[in-house]
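Chain identifiers are assigned alphabetically (A, B, ...) following the order of the sequence lines, protein sequences preceding nucleic acid strands; residue numbering begins at 1 within each chain. Computed from heavy atoms alone, side chains included, the values below leave out hydrogens, waters and symmetry copies.
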There are 2 protein chains.
Amino acid sequence: MKSNSNNTYHVFFTNLANPLKINIIINLKEKEKNVTELSKELNVEQSKISHALSSLKCCNIVQAKQKGKQRIYFLNKKTIIPMLKLIDKHAQNFCRGKCLECK
Amino acid sequence: MKSNSNNTYHVFFTNLANPLKINIIINLKEKEKNVTELSKELNVEQSKISHALSSLKCCNIVQAKQKGKQRIYFLNKKTIIPMLKLIDKHAQNFCRGKCLECK
DNA sequence: AACACATATGAACTAAAATTCATATGAAAT
DNA sequence: ATTTCATATGAATTTTAGTTCATATGTGTT
């Protein structure tokens, strides 16, 4: 019963179920950035950013390119942008604007 | 920087980041069911099902109606079905069909 | 080849979420 | 009003995921 794609769903959602990763994603919506920039703008320690990016990258939610000694991360917008829109709509329609933590 | 809707995203994804909840959702795609039916079909202990349903319900990912002493749960398909489709496409296009756990 | 800047990685620790299990609540039937 | 079937709930425990920090790797500069 627990199919293969069910596991894909689980892996995917688990990867996104983290506030820092969400903040990174939102931040990368406007513009691609390197690790140090993200670290400064979000005011979060570098290795935390690296760890977060690493798992986002492994699902291809973000991608990266090298530029000198910097690594520039950019968002794979194909999936994420429409997904966030779905959640926005869901929150409006079914949760009075925002989903609340369920104890 | 950490906006309000960022938290909605986090709550929403966290709610879905669980293999049992995914299995419940997939199971409810075909047909609405009560707790006992889900428990038997997924071969999962009743209180686990109830806990899972309770948090899915609080985000209105599932909804419920009473029928005698049973509570029938059904999927709010508006959000979830297109979201799962997005992930299917993502997996095909960017992850060779399935997302793999990232260590 | 030594150095500095940029990023990644591993492992121990901490935090958060899921499971378990005993029990409470609820709804109908007798 | 007692019993039975159905579901929910709380709290302790276990599991899983995130953080931290020290250090490794990688890239360019002198």
Side-chain angles (χ1 to χ4, degrees), chain A residues 2 6-7 9-25 27-28 32-74 99-103, chain B residues 2 6-7 9-25 27-28 32-74 99-103:
Chain A
K2 179 184 198 157
N6 286 16
N7 190 51
Y9 300 141
H10 173 228
V11 168
F12 195 89
F13 286 129
T14 300
N15 202 347
L16 291 170
N18 173 294
L20 173 56
K21 288 181 192 169
I22 296 294
N23 284 332
I24 289 175
I25 286 169
N27 194 292
L28 290 181
E32 60 186 31
K33 290 187 184 137
N34 67 39
V35 177
T36 303
E37 285 171 327
L38 285 168
S39 177
K40 282 180 182 159
E41 293 188 23
L42 298 174
N43 194 29
V44 167
E45 194 257 319
Q46 175 264 316
S47 81
K48 264 174 93 169
I49 301 282
S50 278
H51 278 298
L53 286 169
S54 151
S55 58
L56 288 174
K57 184 162 181 292
C58 112
C59 271
N60 277 296
I61 295 164
V62 302
Q63 297 171 311
K65 61 188 176 190
Q66 198 74 21
K67 183 188 171 192
K69 37 184 165 178
Q70 299 166 31
R71 187 161 297 171
I72 315 281
Y73 283 88
F74 55 99
C99 289
L100 300 178
E101 215 103 13
C102 332
K103 61 178 165 309
Chain B
K2 178 181 199 161
N6 286 14
N7 190 50
Y9 299 142
H10 175 227
V11 168
F12 195 89
F13 286 131
T14 300
N15 202 347
L16 291 169
N18 174 291
L20 173 56
K21 289 180 191 169
I22 297 293
N23 284 333
I24 289 175
I25 285 169
N27 194 294
L28 291 180
E32 61 185 31
K33 288 181 187 145
N34 67 39
V35 178
T36 303
E37 286 171 326
L38 284 169
S39 178
K40 282 180 183 159
E41 292 188 23
L42 298 174
N43 194 30
V44 167
E45 193 257 319
Q46 175 265 318
S47 81
K48 264 174 93 169
I49 301 281
S50 279
H51 279 297
L53 286 169
S54 152
S55 58
L56 288 174
K57 182 162 180 294
C58 109
C59 271
N60 278 295
I61 295 164
V62 303
Q63 298 170 311
K65 61 187 175 190
Q66 197 75 22
K67 184 189 170 191
K69 36 184 164 177
Q70 299 166 31
R71 187 160 298 171
I72 315 281
Y73 283 88
F74 55 99
C99 289
L100 301 177
E101 214 105 13
C102 330
K103 57 177 165 309

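Rounded to whole Å, atom C1' of dA6(C) lies 13 Å from atom NZ of K67(A). Between K65(A) atom NZ and dT7(C) atom C1' the separation is 17 Å, expressed in whole Å. As rounded to whole Å, 15 Å separates atom C1' of dG18(D) from atom CG of L53(A). The CD atom of Q70(A) sits 18 Å away from the P atom of dG26(D) (whole-angstrom rounding). The nearest whole Å value for the distance from the CD atom in Q66(A) to the C1' atom in dA8(C) is 11 Å. Going from atom CD of E37(B) over to atom C1' of dT7(D) covers 13 Å, rounded to whole Å. As a whole-Å value, the separation of K57(A) NZ from dT7(C) P is 14 Å. Rounded to whole Å, the distance from CG on L56(A) to P on dG18(D) is 10 Å.
Remark: of the listed residues Q70(A), Q66(A), K67(A), K65(A), Q70(A) is the sole one forming a side-chain hydrogen bond (donor to acceptor under 3.5 Å, both in side chains) with N34(A).
Two residues, K69(A) and I49(A), neighbour DNA chain C, and the one matched to the more 5' nucleotide by heavy-atom proximity is K69(A).
C58(A) and L100(B) get closest at one heavy-atom pair: SG-O, 4.1 Å.
A cation-pi geometry, defined here as NZ or CZ lying under 6.0 Å from the six-membered ring centre and within 45° of its normal, does not hold between K33(B) and Y73(B).
Side-chain contact between E41(A) and N27(A) is present, with at least one heavy-atom pair separated by less than 4.5 Å. Here the side chains of F13(A) and T14(B) are not in contact, with every heavy-atom distance at 4.5 Å or above.
Distances shorter than 4.0 Å separate none of the side-chain N or O atoms of Y73(A) from OP1 or OP2 on dA6(C).
Remark: the K48(A) side chain and the S39(A) side chain contain no N/O donor-acceptor pair separated by less than 3.5 Å.
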Protein proximity profile, nucleotides 15-22 of chain C - base contact B, sugar-phosphate-only contact S, no contact -, cut-off 4.0 Å on heavy atoms: --SSSBB-
